[in-house]
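Data first, discussion second: the structure below is written as structure tokens.
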Number of protein chains: 2
Amino acid sequence: MDRIAAFNECLRHKGLKNTSQRMIILETFLGSKSHYSTEDLYLKLRKDHPKIGYATIHRTLKLFAECGIAIELNFGDGQTRFEPLRANHHHDHLVCTSCGKVIEFTEPQIEDLQAQVAAAHGFVIKRHRHELYGLCSNCAANS
Amino acid sequence: MDRIAAFNECLRHKGLKNTSQRMIILETFLGSKSHYSTEDLYLKLRKDHPKIGYATIHRTLKLFAECGIAIELNFGDGQTRFEPLRANHHHDHLVCTSCGKVIEFTEPQIEDLQAQVAAAHGFVIKRHRHELYGLCSNCAANS
DNA sequence: TACCTTTCTGAAAGTCATTTTCATTTTCCT
DNA sequence: AGGAAAATGAAAATGACTTTCAGAAAGGTA
Ligand SMILES: [Mn+2]
Ligand SMILES: [Mn+2]
Ligand SMILES: [Zn+2]
Ligand SMILES: [Zn+2]
């Protein structure tokens, strides 16, 4: 089941309706680079769909997160970002504080170790956030 | 050099002035448990120092962070928290999403692995955030 | 298809943590 | 002590996000 079908399934399950706005937002969201803030997506959509309001876009992004289509990210700049979720593809982030570049990484050994840490405290992990902030190779070279 | 001296040093270095408010805020901040939001500290200080304004407290906490006396934390609840920084005592956090409990952990192997990840991307880490969200042992038992 | 109930939408208003403004006070260098 | 520079506190402003609400649209039913 692709993500569009999964979203429709989630709408049906929640008793919500499918609308042209939701489909447009979903297709745009899935069809481009990750890590969108509401503002980012609003500005992008405005070109072809100027009638879609900011509130609808934000409500829809939150709905994607509820439906497991997206995850919310927060890189500490005061804006929530949303990223399409790929099945079985968890990753964490390197964030360049100079140019804003985001690099994704996966490190199973870290995942294992953090599970051990949680277990040692009797803690049940629901989700985690592991972000490394600093300078990407380009920015490090030019500084 | 203790943290009060370090803060005075930082003020001097930045050409800023030492004030009674800053000293009161610093002593209160250092002298109690961690993870204060501005609101938390404002409410605590109000008992003995009702004349100190919210804005001053918030400005001072930000200044502590600039001076390396504190670090900013964000556990995704919409409030920035500040924690006194102990020299050579980095740690990360387990955050209970049910009761708000915060457990600190240190795992040198994770620190090593994340350094390797960054190095592999030519990325220079300045700081990082590693937070595990879920249920503490108490909340897990009662759910 | 026509109807009807529920949900959705978009603009505007509201919320809330944080930041800024500004008149006054305080610090601290000379 | 004198005075320039910075700090303070109350209030206003900001900005991301959320809610409100009246009209529009979806989609189940007959
Ligand atoms: Mn990502
Ligand atoms: Mn801590
Ligand atoms: Zn960069
Ligand atoms: Zn708990």
Side-chain angles (χ1 to χ4, degrees), chain A residues 4 7-26 28-29 35-67 70-82 100, chain B residues 4 7-26 28-29 35-67 70-82 100:
Chain A
I4 293 177
F7 180 58
N8 282 316
E9 175 66 30
C10 179
L11 290 179
R12 198 159 32 250
H13 182 258
K14 287 175 173 281
L16 303 180
K17 292 173 177 173
N18 195 345
T19 65
S20 62
Q21 289 91 336
R22 283 176 175 166
M23 282 302 111
I24 290 165
I25 293 167
L26 179 55
T28 304
F29 177 65
H35 314 129
Y36 270 118
S37 66
T38 302
E39 180 76 11
D40 289 342
L41 193 51
Y42 175 68
L43 293 176
K44 173 154 183 126
L45 280 165
R46 193 161 61 169
K47 294 170 195 156
D48 290 330
H49 303 282
K51 305 287 280 310
I52 300 182
Y54 181 99
T56 297
I57 294 169
H58 192 263
R59 280 186 286 230
T60 303
L61 286 170
K62 299 277 282 189
L63 181 57
F64 292 167
E66 275 182 48
C67 289
I71 49 170
E72 294 189 30
L73 302 174
N74 194 296
F75 295 152
D77 65 347
Q79 281 193 304
T80 300
R81 288 168 199 286
F82 294 83
Chain B
I4 292 175
F7 180 58
N8 282 316
E9 175 66 32
C10 179
L11 290 180
R12 197 160 32 249
H13 182 258
K14 288 175 173 280
L16 303 179
K17 293 172 178 173
N18 196 345
T19 65
S20 62
Q21 289 91 335
R22 283 176 175 165
M23 281 303 111
I24 290 164
I25 294 166
L26 179 56
T28 304
F29 178 65
H35 315 129
Y36 269 117
S37 66
T38 302
E39 180 76 11
D40 289 342
L41 193 51
Y42 174 68
L43 292 175
K44 175 159 181 120
L45 280 165
R46 192 160 63 169
K47 294 171 195 157
D48 289 330
H49 303 282
K51 306 287 281 307
I52 300 182
Y54 183 98
T56 298
I57 294 170
H58 192 263
R59 279 187 288 231
T60 303
L61 286 170
K62 300 277 282 190
L63 181 57
F64 291 167
E66 277 181 48
C67 289
I71 49 170
E72 294 189 31
L73 302 174
N74 194 297
F75 294 151
D77 64 347
Q79 280 193 304
T80 300
R81 288 168 199 286
F82 295 84

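- Using a 4.5 Å cut-off on side-chain heavy atoms (C-beta onward), A:Leu61 and A:Glu72 make no contact.
- Across the protein-nucleic acid pair, B:Arg12 atom CZ and D:dA7 atom C1' stand 18 Å apart, rounded to whole Å.
- Put simply, the side chain of A:Leu11 reaches to within 4.5 Å of the side chain of A:Arg22, judged on heavy atoms.
- At D:dA16, none of the side-chain N or O atoms of A:His58 fall inside 4.0 Å of OP1 or OP2 (strictly under the cut-off).
- A:Lys14 places its NZ atom 16 Å from the C1' atom of C:dT6, with the value rounded to the nearest Å.
- Contact annotation: side chain of B:Lys17 to base of D:dA5, donor-acceptor pair present below 3.5 Å.
- Closest to the B:Ala55 side chain, of the nucleotides C:dA11, D:dG9, D:dC17, is D:dG9.
- Between the CG atom of A:Asn74 and the P atom of D:dA16 there is a distance of 13 Å, rounded to whole Å.
- In this structure, the side chains of A:Gln21 and A:Thr60 stay at 4.5 Å or more apart for every pair of heavy atoms.
- The separation between B:Ile57 atom CD1 and D:dG9 atom P is 8 Å, rounded to whole Å.
- Residue-level contact check: A:Arg59 touches the bases, meaning some heavy atom is under 4.0 Å from a base atom.
- Between A:Lys62 atom NZ and D:dA16 atom P there is a gap of 15 Å when expressed in whole angstrom units.
- Contact check, A:Thr19 against C:dT9: a side-chain N or O comes under 4.0 Å of OP1 or OP2.
- Using bins of under 30°, 30° to 60° and over 60° for the plane-to-plane angle, the ring pair A:Tyr54/A:Tyr42 lands in the perpendicular bin.
- No close placement of the B:Phe64 and B:Phe82 rings is indicated, their centers lying 6.0 Å or farther apart.
- Taking atom CZ of residue A:Arg22 and atom P of nucleotide D:dA25, one finds them 15 Å apart after rounding to whole Å.
- Of the listed nucleotides (D:dA10, C:dC28, C:dG10), C:dG10 has the atom at the smallest distance from the side chain of A:Gln21.
- What separates CG of B:Leu45 from C1' of D:dG9 is a distance of 14 Å, to the nearest Å.
- Comparing D:dG9, C:dG10, D:dA5 by their nearest atom to the side chain of A:Ile52 picks out C:dG10.
- Between B:Tyr54 and B:Leu16, the residue anchored nearer the 5' end of DNA chain C, judged by the nucleotide with its closest heavy atom, is B:Tyr54.
- A:Thr80 comes within contact range of the sugar-phosphate backbone alone, with a heavy-atom separation under 4.0 Å but no base atom that close.
- Atom CG in A:Leu73 sits about 12 Å away from atom P in D:dC17, given to the nearest Å.
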